[in-house]
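To start, the structure itself, in structure tokens.
Atoms within each ligand, like the ligands themselves, are counted from 1 in listed order.
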Amino acid sequence: MFNYEEEDLLPLSGIQHFAYCPRQWALIHVEGQWLENASTAQGRIVHHRVDDPYFTETRGSVKTERAIPLISRQLGLFGVADLLEIHEREDGNKTTYSLVEYKRGKPKPDDRDEVQLCAQAICLEEMRNTDIEDGYIFYDMIKNRHRVDFSVILRERVRELALAMHSYYEQALTPVAVKSRKCKNCSMANICLPKLGKLGSKADSYIAGLIRDIETNI
Ligand code: SF4
């Protein structure tokens with residue numbers, strides 16, 4: 001089991017970028033570049049509405065907290081959760097926790113939102129010494145909660161992504177661009193230059209060929 005030091009922790013929010021495209025994550029978190037497009041601006045507005053760290057509310061047996069600080073030494077991640085519902089059991093049974101993450105748009109065709117929420121749950125489990133079975137993503141376009149089951153497979157995916165993020169970060173590596181349909185909606189497309197990435201890999205093979213030729217002629 002890993003146990004990262006505080007100075008080695010990476011932003012948890014980056015896991016959604018890494019799940020979408022490791023190069024997108026590296027451009028933002030390794031190279032420190034960020035381009036805002038309409039999608040990311042809307043995302044900030046949706047989050048601003050729920051990021052009030054002083055907000056708590058109790059309705060019946062459910063207490064609600066907002067902007068909850070998170071940290072996991074096992075994953076090596078830190079961040080903030082949008083909303084946490086704490087269900088106190090009057091029958092004395094265990095308190096249960098439900099995380100709720102607010103997202104713009106509607107459910108995505110990939111798992112980037114699910115891995116982010118599951119990473120938050122792993123942080124909270126570690127911090128509060130509890131087990132969390134599921135959580136919810138609220139999409140502003142459909143105005144509905146989408147339930148996420150924190151399955152063994154999803155947890156394993158989160159651990160693998162976090163491990164890969166640390167590996168790239170420690171080596172200060174940015175993966176080469178692989179052009180795909182994702183590039184069309186990517187907030188980093190203008191600086192990623194996926195076409196150049198392809199040319200870049202051709203150039204790499206060309207240079208490798210040149211070196212081979214030189215070595216065989218020595
Ligand atoms: S433009 Fe494509 S390859 Fe480049 S970061 Fe975005 S998704 Fe990844």
Side-chain angles (χ1 to χ4, degrees), residues 4 8-48 70 72 75-82 101-120 122-123 135 137-142 146 148 153-209:
Y4 290 94
D8 296 327
L9 302 178
L10 296 174
L12 185 152
S13 58
I15 202 166
Q16 62 180 313
H17 301 131
F18 196 91
Y20 185 70
C21 170
R23 180 171 169 82
Q24 186 199 63
W25 168 82
L27 289 171
I28 298 166
H29 294 273
V30 178
E31 298 188 15
Q33 307 196 54
W34 176 254
L35 277 187
E36 183 156 78
N37 63 14
S39 304
T40 57
Q42 276 179 23
R44 271 194 305 105
I45 292 164
V46 170
H47 274 96
H48 180 68
L70 298 171
S72 168
L75 296 177
L77 301 177
F78 74 96
V80 178
D82 283 342
E101 180 71 7
Y102 286 76
K103 294 282 181 192
R104 74 174 182 82
K106 52 190 181 184
K108 318 273 192 317
D110 52 62
D111 67 356
R112 76 192 105 143
D113 293 342
E114 283 83 359
V115 295
Q116 185 186 3
L117 188 68
C118 184
Q120 292 179 353
I122 294 172
C123 289
I137 304 170
F138 181 89
Y139 290 96
D140 71 340
M141 192 183 277
I142 60 170
H146 165 72
V148 180
I153 293 170
L154 184 59
R155 287 168 184 273
E156 196 45 40
R157 166 118 167 106
V158 168
R159 288 182 210 287
E160 283 172 7
L161 290 171
L163 196 58
M165 285 162 65
H166 278 279
S167 174
Y168 278 112
Y169 194 82
E170 279 157 26
Q171 298 173 74
L173 272 181
T174 300
V176 293
V178 179
K179 202 174 175 206
S180 72
R181 281 192 304 178
K182 293 177 183 177
C183 303
K184 198 169 156 238
N185 298 319
C186 175
S187 56
M188 303 300 286
N190 285 346
I191 60 168
C192 168
L193 303 175
K195 283 179 191 159
L196 278 187
K198 274 198 160 179
L199 286 176
S201 54
K202 279 184 193 160
D204 287 348
S205 341
Y206 175 71
I207 291 165

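In this structure, NE2 on His17 lies 9.0 Å from SG on Cys186, to the nearest 0.5 angstrom.
Taking every heavy atom of both residues into account, Leu70 and Val80 meet most closely at CD1-C, 4.0 Å.
Contacts of His166 classified as ring pair (Phe, Tyr, Trp, His ring centres under 6.0 Å), with partners at least two apart in sequence or in another chain: Tyr4. The side chain to side chain donor-acceptor pair (under 3.5 Å) check on Asp8 picks up nothing, with sequence neighbours excluded. Partners of Lys108 according to the salt bridge (Lys or Arg N to Asp or Glu O under 4.0 Å) rule, which considers only residues two or more places apart in sequence or in another chain, are Asp113.
Between Asp111 and the options Gln16, Gln116, Arg157, a side chain to side chain donor-acceptor pair (under 3.5 Å) holds for only Arg157.
Residue-and-atom listing of protein N/O/S atoms under 2.8 Å from atom 2 (Fe) of ligand 1, sorted by chain and number: Cys183 SG.
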